[in-house]
Amino acid sequence: MDPRSEVLLRQAELFQGSVLLAGLPADDLLGRLPDAFGWCWHAGDQAMLEARFAGRSHFGVHAPERGFDSAVVFLPKAKDLTDYLLNAVAARLAGREVYLVGEKRGGIEGAAKQLNPFGKPRKLDSARHCQLWQVTVAQAPAAKPLESLAQTYELPLAEGPLKVISLPGVFSHGRLDRGSALLLEHLDKLPGGHLLDFGCGAGVLGAAVKRRYPDTQVTLLDVDAFAAASSRLTLAANGLEGDVLTGDGIDAAPLGLNAILTNPPFHTGVHTDYQATENLLRKAAKHLKTGGELRLVANSFLKYQPLIEEHLGACSVRAEGQGFRIYSAKRA
Ligand SMILES: C[S@@+](CC[C@H](N)C(=O)[O-])C[C@H]1O[C@@H](n2cnc3c(N)ncnc32)[C@H](O)[C@@H]1O
């Protein structure tokens, strides 16, 4: 059981009604709170929840349509995502309770201040390195449209400016990551055909490829529904076509690819997580056609080369700079 769920269950009597659990972990919490239901935007967690509690968790960037009489927000990493989630639930809970639960090292103590606009927050519990806060919504705020929280920046590419639009919580929100910038300088000689932007975030890599190589079919994949929604906004803002998928890891990607381009994940929330990237390196060959290329940017300290050589083939460093490396390997 996730420690945040354990803290909620110490006061289980508070959560017996139709409580919305926003950003819930994929554990047994729904089993312990029979009238609760989830709102999830992580495709991997959603798949696990769906397998165990079919129909009890809503997937997407908007709160579920169905009514709820209180809500718990599990503190996400990004402050502006917390604001969005709190506003989205408080807008529907005039006179009712909103709870915020999170780990101390995730910043719950400071984040509790984000409850101030709705009423006077109270700390209900502190245990398992987590805190649980509560506020009664004195006056429901107007719901802020998600798009109003988007940030846009423009990249001056050789083919013309590219608008990049990102929503709260998405990697490198409102600015270009240095690793991705290096990869964008090395898009030459990518194989044509079908390209996957793995872990697409706001869609900057996939959109830049489509802009530069209009005949390439691009698929963008991310585990996070806010990232996928951002990628769709980015493609649309530039009049570009591409398939945007949500799914957990390379297993969710199409087969028969000519190229995989990626700035892969290595952090998940407050925890470091190389699993999705290791799995990508192990299985890239299965998803690539013969001669298909994996082109990847990573922090130089991450030792990906041996793993790529073991599972895909000879791996070269195409470029290096500012603590990042670009690796390239082709399926033999
Ligand atoms: C380093 S960011 C790169 C984002 C974007 N490509 C860019 O260059 O700005 C890695 C992305 O991988 C996504 N990600 C993390 N775990 C994943 C998984 N299991 N499957 C697919 N995508 C994942 C994250 O949500 C994040 O958007």
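Note that the structure is predicted; figures quoted are calculated from it, not measured. Just so you know, ligand 1 is whichever comes first in the structure, and atom 1 is the first atom listed for that ligand.
Per-residue contacts place G247 under 4.0 angstrom from the following atoms of ligand 1 (heavy atoms of the residue considered): 20 (N), 21 (C). Here is the list of ligand 1 atoms found below 4.0 Å of a heavy atom in G199: 3 (C), 4 (C), 5 (C), 6 (N), 10 (C), 11 (C), 12 (O), 13 (C), 22 (N).
The nearest non-hydrogen atom to atom 24 (C) of ligand 1, considering only D222, D197, V170, comes from D222. Counting only non-hydrogen atoms, the option in F226, F171, F198 that gets closest to atom 9 (O) of ligand 1 is F171.
Considering backbone and side-chain N/O of D248, one or more are found under 3.5 Å from N/O of ligand 1. At least one N or O atom of S180, backbone or side chain, sits closer than 3.5 Å to an N or O atom of ligand 1. Considering backbone and side-chain atoms alike, A202 places every N or O at 3.5 Å or more from each N or O of ligand 1.
In C200, the part holding a heavy atom less than 4.0 Å from any atom of ligand 1 is the backbone. Both the backbone and the side chain of N263 come within 4.0 Å of ligand 1, counting heavy atoms alone. Within the 4.0 Å heavy-atom criterion, the part of A276 lying near ligand 1 is the side chain and not the backbone.
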Check against side chain to side chain donor-acceptor pair (under 3.5 Å), D35 and Q16: CA-CA 6 Å; D35 293 324; Q16 292 308 314; over 6 Å; no

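Within the 4.0 Å heavy-atom shell around ligand 1 one finds P264. Residue contacts with ligand 1: G249 is included, with a non-hydrogen atom under 4.0 Å away. Using a 4.0 Å cutoff on heavy atoms, V204 counts as a contact of ligand 1.
A cation-pi arrangement, defined by a distance under 6.0 Å to the six-membered ring centre and an angle within 45 degrees of its axis, is present between R66 and F37.
A salt bridge links E320 with R325; the closest basic N to acidic carboxylate O contact falls under 4.0 Å.
Side-chain contact, E97 with T136: a donor N or O sits under 3.5 Å from an acceptor N or O. Using a 3.5 Å distance cut-off with no hydrogens or angles, the side chains of S328 and E293 do pair a donor with an acceptor. Between H194 and T216, the side chains place no donor N or O within less than 3.5 Å of an acceptor N or O (distance only, hydrogens not considered).
Remark: F53 engages D28, L30, L49, R56 in a side-chain contact (heavy atoms from CB on, under 4.5 Å) (not counting sequence neighbours).
Applying side-chain contact (heavy atoms from CB on, under 4.5 Å) to V7 and the options R128, H129, E103 leaves one that passes, R128.
Within the structure, no pair that satisfies the side-chain hydrogen bond (donor to acceptor under 3.5 Å, both in side chains) test touches residues 195-207, not counting sequence neighbours.
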